[in-house]
Amino acid sequence: MGQSSVRLGVDIGGTFTDVVLEKNGEAFSTKVLTTYAAPENAIIDGMHQVCAKAGVDPSQIDQIIHGTTLATNALIERRGAKTALITTTGFRDVIEMRTESRFEQYDLNLNLPEPLLPRHMRFTVGGRVDANGAVLVEMDRAEVEAVVDRIALAGFESVAVGLIHSYLNPAHEELVREVLAEKMPNVAVSISSEVSPQMREYERFNTVVANAYIKPLMASYLGRLEDRLQGEGVRCRIFLMHSGGGIISIQNAADFPVRLVESGPAGGAVFAAHIAARYGLDKVLSFDMGGTTAKICLIKNQTPKTSRVFEVARTYRFKKGSGMPISIPVIDMVEIGAGGGSLAHVDAMRQIRVGPESAGSEPGPACYGRGGAHPAVTDADLVLGKLDADNFAGGSIALHVDASKSVLSKDLGETLGMDAVEAAFGVAEVVDENMANAARVHAVENGEDLSEYTMIAFGGAAPLHAGRLCEKLGVERCLVPPGAGVGSAIGFLRAPFSFEANRSVYMKVSNFDGERIKNLLAELQAEATGFVRTCDAESEILSEFKAYMRYSGQGWEIPINLTHAQAMAPDAETFEARFIEEYTKLFGRPVIGMDIEITVWSVNATTPLEQVARVTEAQGGAVVKPTGRRDVFDAASASFRMAEIVPRKGMVAGARVVGPVVVVEDETTIIVPASRDAVRQPDGCIDMTLKGAS
């Protein structure tokens, strides 16, 4: 990856599309408003802007890496293809019945999310495989053909195939695909034994349905993007970021678009892990706040925590259990509807609520002057003095303070008897508390104490809110890296090529079959490596092995990392010892005398991460002279304070500022509250620390 001299990273967000071009180690970036109807338009526009800044022609770009929220948004907004599900007789309603989990225990009128496909779009076929993969009832091809004829007649664009226990024996799913290819050659087909070959039929069926639902949309978009780029003279290969924090080819992305859910936030986590490595930090809280959502992720030992199930489109204010579970490899993060564009309103109990609805880029917050009629977080930040109306986005977007004050007074002030400033203070505190609370809960679920963590803040809105968030969480240090406004796009350029292959094969440690495990892991390694080779023909490929284990009778597993030696020469004692060690770390003590089960096996093939040079940290020297001053609201003292304005460009290595200070740049603004000081480190990071902290 290092040989390419000109590389482009592109992140399509809900509000902005971020474009970063790296040329021989130097970065050039821009933010353009996302164009919903044709997202490729914003990419082409942004590409021309950064190429002009860097003095290169688009034809000189060697590699493009792209992440997008399109897949996620299509699932949330239900804008997918007309999709049919073919499943086993008796399992037609699995995706509607869900699990027994009640995510809101005492709500008698619980609203469960509607399944992606209503009942009349779900079809069944006979044939049955048992829990060991043996065929109990053969599949009747004539019956499959009759079902496919009905699907063809109804004009479906995409078909998902999810049969019971197909992760152990995919023969029946492959037969259905064969019939579909014969009778409906132009239909998109997704089979669960390829998309997510894991046990638990609800999650597996849901994942294959989601994949089928967004497949035509993503294939069309990726095809249009390739054509538009070729029309601009760009001939290089295009790769996509996947939700597990690695890069896959455009063909793999078109086949498995469900793996692109969360691709933008994953890039942000990779970016934060890269900064953590530069500073030798083993405990990092990654805080990524854009226009639509805020993402919080724990990064330990410079590696983002991963999971194999993720929920998308939660119906209850981002409450766990209220969304669609997708079983794909994903960086484990908490996501809440708190971005610059998140809209504020007063609820029935006369409380200020913020999000999850967002003004996006069309029309955007009221201050954009594009017809936004309700107050957004950006409107509150502007009224509180955190943003400069004349120099937002490098002066490319003029902000209207009067419009912000007007909607804050109309929607909040009149109801609650507040002026515009008080309403703005309320909005800012509510959104900051929402984010702080999400971070606290995420830390507790993972057994972590946030006071030992360093925050890394990026995304267009995060540096405005990070200082206050640190005050709320008791975090002493926060790093705002250079390029913070376009952090996810930079993260794409730091990510390795990778692909994770999973398979469910149930086994008790008491019936441990070392030879079978060795063969299975070798198969998964070959599969994952094959995917990576389609992207990178030369680099060394490393393999990371995992087994998901639990005590007999438990409902969920914990991931156990295995060394190459443990995976290639598996023995029961080692597996048991590794499980007990990890279980004790999480829950305090093991359970004596219980048998242990292994349910899922996984191999992640990845190219090596680039070697990162450690930063020699500056302690802070002379205080920087400000270029101006303005009143900025300080939430801790609930009053306006005179803050100095310092351009980030004017801060040399070791330069120091004493809060309250506003550090300004084109893509974002850093608010250093009165409780903090900040130093510019040699690599360009603004290092914000608690006054008096060592």
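In this structure a side-chain-to-backbone donor-acceptor pair under 3.5 Å is missing from His242 to Arg259. Side-chain atoms of Arg92 come within 3.5 Å of backbone N or O of Arg122 as a donor-acceptor pair. The backbone N or O of Pro325 sits less than 3.5 Å from a side-chain atom of Asn206, completing a donor-acceptor pair. Not a single donor-acceptor pair under 3.5 Å links the side chain of Thr88 to the backbone N or O of Leu163. Using modelled atom types, no side-chain atom of Tyr167 and backbone atom of Ser193 make a donor-acceptor pair closer than 3.5 Å. Here the side chain of Thr17 pairs no donor or acceptor atom with the backbone of Ile12 at under 3.5 angstrom. Remark: side-chain polar atoms of Asn211 are not paired, donor with acceptor, to backbone N or O of Ser192 under 3.5 angstrom. Side-chain N or O atoms of Ser263 include none that pairs as donor or acceptor with a backbone N or O of Ser243 at under 3.5 Å. In this structure a side-chain-to-backbone donor-acceptor pair under 3.5 Å is missing from Ser166 to Asn169. Thr607 places a side-chain N or O within donor-acceptor distance of the main-chain N or O of Phe497, the cut-off being under 3.5 Å.
Ring-plane geometry between Trp601 and Phe575 is classed as tilted, the angle between the planes lying from 30 to 60 degrees on a 0 to 90 degree scale. Ring geometry for Tyr551 against Tyr583 counts as perpendicular: the plane angle is over 60°, on a 0 to 90° scale with 30° as the lower cut.
Shortest non-hydrogen contact noted between Leu217 and Ala74 is CD2-CB, 3.6 Å. Contact detail for Ser552 and Glu597: the closest heavy-atom pair is OG-OE2, 3.2 Å. The two atoms that bring Ile248 and Ser498 nearest to each other are CG2-O, 3.6 Å, heavy atoms only. Heavy atoms only, all atoms of each residue included: Val94 and Glu201 are closest at CG1-CG, 4.0 Å. Minimum heavy-atom separation, Thr89 to Thr124: CA-CB, 3.8 Å. Taking all atoms of both residues into account, the shortest heavy-atom contact from Ala253 to Leu240 is CB-CD1, 3.8 Å.
Rounding to the nearest 0.5 angstrom, the gap separating the CD1 atom in Ile250 from the CD1 atom in Ile238 is 4.5 Å. Within the model, atoms NE2 of His172 and NE2 of His165 stand 12.5 Å from one another, a figure rounded to the nearest 0.5 Å. Rounded to the nearest 0.5 angstrom, Ile64 CD1 and Ile43 CD1 are separated by 8.5 Å.
Between Arg224 and Ser220, the side chains place a donor N or O and an acceptor N or O closer than 3.5 Å (distance only, hydrogens not considered). If you check the side chains of Gln525 and Ser543, you find a donor sitting under 3.5 Å from an acceptor.
Taking the six-membered ring where the residue is Trp, the centroids of His564 and Phe545 are separated by under 6.0 Å.
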Practice item. Any chance you could lay out the salt bridge (Lys or Arg N to Asp or Glu O under 4.0 Å) test for Arg503 and Glu523, step after step, and finish with the verdict? Key: CA-CA 10 Å; Arg503 190 129 357 122; Glu523 264 174 52; 3.2 Å; yes
Exercise for review: Go through the steps to decide whether Arg141 and Glu178 satisfy the test salt bridge (Lys or Arg N to Asp or Glu O under 4.0 Å), and finish with yes or no.
Suggested key: CA-CA 10 Å; Arg141 189 183 181 103; Glu178 204 178 289; 3.0 Å; yes
**Study point:** Verdict with supporting geometry, Glu194 and Arg177, salt bridge (Lys or Arg N to Asp or Glu O under 4.0 Å)
**Key:** CA-CA 12 Å; Glu194 285 181 357; Arg177 176 165 62 184; 3.0 Å; yes
Exercise for review: Tell me, with the steps shown, if Arg78 and Glu114 meet salt bridge (Lys or Arg N to Asp or Glu O under 4.0 Å).
Suggested key: CA-CA 10 Å; Arg78 306 288 174 112; Glu114 290 292 315; over 6 Å; no
Review point. Should Asp11 and Phe492 be marked as a side chain to side chain contact (heavy atoms under 4.5 Å, CB included) after you check the CA-CA gap, both sets of side-chain angles, and the distance that decides it?
Key: CA-CA 8 Å; Asp11 177 31; Phe492 300 160; 3.6 Å; yes
Exercise for review: Apply side-chain hydrogen bond (donor to acceptor under 3.5 Å, both in side chains) to the pair Thr293 and Lys295, showing each step before the final yes or no.
Suggested key: CA-CA 7 Å; Thr293 52; Lys295 282 75 64 175; 2.9 Å; yes
Exercise for review: Check step by step if side chain to side chain contact (heavy atoms under 4.5 Å, CB included) holds for Arg533 and Ile541.
Suggested key: CA-CA 9 Å; Arg533 275 285 170 248; Ile541 296 180; 3.4 Å; yes
Check your understanding: Can you list the steps and then say if Ser327 with Ser196 is a side-chain hydrogen bond (donor to acceptor under 3.5 Å, both in side chains)?
Key -> CA-CA 7 Å; Ser327 51; Ser196 177; 2.8 Å; yes
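Partner of Val161 under the side-chain contact (heavy atoms from CB on, under 4.5 Å) criterion, out of Leu85, Leu180, Leu175, Thr87: Leu180 alone.
Within a 6.0 Å radius of NZ in Lys82, other residues, nucleotides and ligands contribute more than 12 heavy atoms. In the displayed structure, Arg79 atom CZ is contacted under 6.0 Å by more than 12 heavy atoms of other residues, nucleotides or ligands.
A salt bridge links Glu448 with Lys300; the closest basic N to acidic carboxylate O contact falls under 4.0 Å.
The cationic group of Arg200 does not satisfy the cation-pi geometry with Phe205, failing either the under 6.0 Å distance to the six-membered ring centre or the 45° limit from the ring axis.
Val159 places none of its side-chain heavy atoms less than 4.5 Å from the side chain of Thr83.
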